[in-house]
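One structure is given below, encoded as structure tokens.
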Amino acid sequence: MIIARRSQQLATTPEGGRSNPNKRQRVSTDVSSFNLEVNTATGASETSRSGSPVPPPAALPNTAAVPTTNTTAPTTTTPVVAPATAPSPTVTSTATLPLSLRHGHRAEQASKGKKSMKKNEFSYHLALLAMKGVFRQHSKLAKGCIPRGYSEKSLVIFCLELVDYVAERSADMQANVDIVRKAKTDMSEDEEVALSDAADEIVSECRSQLNEFVPSKRATGTTILGMGGRIGEYKLRIKTAKNLPESTKKGDVKLIPLDELEQIEIERTQRQMG
């Protein structure tokens with residue numbers, strides 16, 4: 001009978017526990033008895049420690065079909081540029097440059113019809129006129145036909161008269177004048193350099209001669225206006241010394257040596273006193 005009663009208690013007691021309902025049951029700490037895996041494919045539920053079913057978590061969306069877009073702005077790295085080193089200036093001798101680069105742009109513009117020749121070098125225009133064939137048919141450069149583009153045409157002729165004057169008195173200058181006279185339009189670079197050198201030497205000699213004719217306390221340039229104006233002053237002095245008619249133009253007055261002019265002025269003064 002005792003055995004039958006014990007069997008009855010075991011049947012009514014959960015999992016071999018005691019029959020006292022008021023006694024606290026010990027909770028097992030064995031984690032192997034818990035199902036921690038969640039099957040998202042089948043939606044299986046997780047079992048809690050108390051035995052109550054936990055509803056399955058919401059199924060994750062299928063991210064394989066959704067393209068991933070990177071919304072983060074790309075990081076731009078600004079390259080650090082080292083400051084450029086200024087190139088060392090290259091010194092180029094003007095003697096190696098062609099005619100078109102030997103003198104400034106201002107002189108070239110004057111040959112295209114500018115009104116004033118004030119800031120234009122005579123040496124450039126001497127070579128430029130030579131390349132145009134202005135002097136090719138004349139023994140004297142002043143006899144050449146000056147293009148209409150030169151507004152100060154008379155001053156250009158005065159400068160050419162001074163060139164003829166110095167060439168008559170120097171074999172070296174005559175050789176340079178021959179180079180100028182034989183110049184042509186289609187010249188090689190070497191020929192242009194030779195022409196420019198000849199023009200520079202001619203103008204340098206003309207400047208020295210002009211400083212003798214018309215001394216100046218200030219620095220004198222070699223522009224057409226500056227040289228031509230001073231030559232005009234010397235011509236006027238010759239005209240006065242020779243007592244030429246008032247109607248005589250300066251262009252008709254020939255250049256003469258300074259010592260000859262001074263002798264004429266002395267004789268003129270003596271006649272006036274005597």
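For residues 263-274, every residue pair satisfying the side chain to side chain donor-acceptor pair (under 3.5 Å) rule, not counting sequence neighbours, is listed here: Arg237-Glu265, Gln263-Glu267. Applying the ring pair (Phe, Tyr, Trp, His ring centres under 6.0 Å) test to residues at least two apart or on different chains, none of the pairs has a partner in residues 251-274. Pairs of residues two or more places apart, or lying in two chains, never qualify as ring pair (Phe, Tyr, Trp, His ring centres under 6.0 Å) while including a residue from residues 249-274.
Taking the side chain to side chain contact (heavy atoms under 4.5 Å, CB included) definition, one finds that Asp186 meets it with Lys184, sequence neighbours left out. For the ring-ring contact (aromatic ring centres under 6.0 Å, His included) test, residues two or more places apart in sequence or in another chain that qualify with Tyr165 are Phe213. The salt bridge (Lys or Arg N to Asp or Glu O under 4.0 Å) test applied to Glu201 returns no partner, not counting sequence neighbours.
Side-chain N or O atoms of Thr223 include none that pairs as donor or acceptor with a backbone N or O of Glu121 at under 3.5 Å. A donor-acceptor pair under 3.5 Å links the side-chain atoms of Arg181 to the main chain of Ser139, judged by distance alone. Judged by distance alone, the side chain of Ser196 and the main-chain N or O of Val193 form no donor-acceptor pair under 3.5 Å. Remark: the backbone N or O of Glu246 is paired with a side-chain donor or acceptor of Lys239 at under 3.5 angstrom.
Here the straight-line distance linking atom CZ of Arg207 with atom OG of Ser123 works out to 11.0 Å at 0.5 Å rounding. In this structure, NZ on Lys235 lies 15.0 Å from CZ on Arg230, to the nearest 0.5 angstrom.
Exactly one of Val163, Val177, Asp164, Leu160 qualifies for a side chain to side chain contact (heavy atoms under 4.5 Å, CB included) with Lys140. That residue is Asp164.
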